[in-house]
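Reading through the structure tokens given below for one structure.
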Amino acid sequence: MTHASGARVLVVDDEPGILRAVQTNLGRHDFRVETASTGQDALNAYARLHPDLVLLDLGLPDMDGLEVIRAIRQRASTPIVVLSAREAERDKVTALDLGADDYLTKPFGVNELLARVRVALRHAAHPSTGTEPVIRFGDLELDLERRRVTLGGSEVHLTPTEWDLVKLFSSHPDKVLTDRMIMDAVWGASYPAQAHSLHVYVGRLRKKLDTGSGARHIRTEPGVGYRFVTDEADTDAS
């Protein structure tokens, strides 16, 4: 995997202004940018270029961007960040469930776009396998072998379900996980878990991982799911 500097990014959008703006701003930060304005052009470009990351609009003229996600995921695990003007929660949830790594709702800021791109590339280059004996995120430490969690050096006592949740979150740092993805992973796809139960468990876990200064590792993505935030400068968002 290429480092962020020099990474090849495929930008897919049918708005010429968006393509120019994204291409210009990413180019200023040493990304190599290719563009496509239709779903078919995007798939052709993907097969030809093998980009390190795809920035994808969902509202394309010839096919739904969700179909592009599905087609790419049948081939590879290339990071996909959705750029969309769609506000409906179901579109965000569907995109993530299909395998998108993140999403930005239009209009978006350049700095946030750059941050999301760098995070996606960083995690693609150094994926968490979930097999490391100890994982550290700032003052939070997870000992996977001993099933032990410490915060600021003090042990945090978790229930079995809370442990399963924090282990899942830590295995997908800075990535949005939908409620359905979390429930399937923790309780199993056949278990009739309800979103309300998940929210209760996450609320309890969040209180235990709260540093007391308002900083939180578990960010709520309203109507979608949760994101486990590892950037200390970003953990004050709820």
Inset, instruction - Look at R204 together with E162 and state whether they make a salt bridge at an N to O cut-off of under 4.0 Å. - result: no

Inset, instruction - Working to the nearest 0.5 Å, report the span between CD of Q74 and CD1 of I69. - result: 12.5 Å

Legend entry - Salt-bridge criterion met for R73 and D97 (N-O under 4.0 Å): no

Inset, instruction - Measure the spacing between CG of L26 and CZ of R8 and express it to the nearest 0.5 Å. - result: 13.5 Å

Legend entry - Note, V22 side chain near F108 side chain (heavy atom, < 4.5 Å): yes

Legend entry - Heavy-atom closest contact (A76 atom, Y46 atom, distance): CB-OH, 3.3 Å

Inset, instruction - Give the intermediate values and the outcome of side chain to side chain contact (heavy atoms under 4.5 Å, CB included) for residues H196 and Y201. - result: CA-CA 9 Å; H196 174 71; Y201 275 107; over 6 Å; no

Inset, instruction - Decide yes or no for H217 and D139: does some side-chain heavy atom of the first lie under 4.5 Å from some side-chain heavy atom of the second? - result: yes

Inset, instruction - State the NE2-CG distance between H29 and L113, to the nearest 0.5 angstrom. - result: 10.0 Å

Inset, instruction - Kindly work out whether a path of hydrophobic side-chain contacts (I/L/V/M/F/W/Y, heavy atoms less than 4.5 Å apart) joins V110 to L121. - result: yes

Inset, instruction - Taking all non-hydrogen atoms of both residues into account, name the closest pair between A120 and V81 and its distance. - result: CB-CG2, 4.3 Å

Legend entry - ILVMFWY network linking M63 to V54, side-chain heavy atoms under 4.5 angstrom: yes

Legend entry - Pairs meeting criterion side chain to side chain donor-acceptor pair (under 3.5 Å) with involvement of residues 12-28, two or more places apart: D13-K106, E15-K106

Inset, instruction - Mind running side chain to side chain donor-acceptor pair (under 3.5 Å) on H172 and Y226 for me, showing each step along the way? - result: CA-CA 11 Å; H172 301 279; Y226 298 94; over 6 Å; no

Legend entry - Gap separating the CZ atom of R136 from the OG1 atom of T150, nearest 0.5 angstrom: 8.0 Å

Legend entry - Residue pair V82 / A95: nearest heavy atoms and the distance that separates them: CG2-CB, 4.1 Å

Legend entry - Salt bridge present between D101 and K175 (N-O < 4.0 angstrom): yes

Inset, instruction - Kindly indicate, with the supporting measurements, whether the criterion side chain to side chain contact (heavy atoms under 4.5 Å, CB included) is fulfilled by L142 and V134. - result: CA-CA 5 Å; L142 283 71; V134 177; over 6 Å; no

Inset, instruction - State, to 0.1 Å, how close T38 and P61 come at their nearest heavy-atom pair, and which atoms those are. - result: CG2-CG, 3.9 Å

Inset, instruction - Tell me whether I18 is reachable from V33 by hopping between hydrophobic residues (I, L, V, M, F, W, Y) whose side-chain heavy atoms are closer than 4.5 Å. - result: yes

Inset, instruction - Using a 4.5 Å cut-off on heavy atoms from C-beta on, say whether the side chain of D174 contacts that of V229. - result: yes

Inset, instruction - Mind listing the closest non-hydrogen atom pair of L151 and V156 along with its distance? - result: CB-CG2, 3.7 Å

Inset, instruction - Go through the steps to decide whether L43 and I72 satisfy the test side chain to side chain contact (heavy atoms under 4.5 Å, CB included), and finish with yes or no. - result: CA-CA 8 Å; L43 294 177; I72 292 176; 4.2 Å; yes

Inset, instruction - Measure the shortest side-chain to side-chain distance between V12 and V68 over non-hydrogen atoms and say whether it is less than 4.5 angstrom. - result: no

Legend entry - Heavy-atom side-chain proximity of R227 to L177 below 4.5 angstrom: no

Inset, instruction - Spell out, as yes or no, whether a donor-acceptor pair under 3.5 Å connects the side chain of R116 to the backbone of Y103. - result: yes

Legend entry - Pairwise distance CE(M181) to OG1(T178) - rounded to 0.5 angstrom: 5.0 Å

Inset, instruction - Check whether any side-chain heavy atom of L10 lies under 4.5 Å from a side-chain heavy atom of L56, and answer yes or no. - result: no

Legend entry - Rounded distance (nearest 0.5 Å) linking atom CG of D102 with atom CG of L96: 7.5 Å

Legend entry - Min side-chain heavy-atom separation L165-L198 under 4.5 Å: yes

Legend entry - Minimum side-chain heavy-atom gap R206-T220 below 4.5 Å: yes

Legend entry - Co-membership, hydrophobic cluster, residues V119 and F137, 4.5 Å side-chain: no

Inset, instruction - Run the salt-bridge test on R147 and D143 with the 4.0 Å N-O cut-off and return the result as yes or no. - result: no

Legend entry - Contact summary for S170 and K167, nearest pair of heavy atoms: OG-O, 2.9 Å

Legend entry - side chain to side chain contact (heavy atoms under 4.5 Å, CB included) evaluation trace for L144 with I135: CA-CA 8 Å; L144 300 181; I135 303 176; 3.8 Å; yes

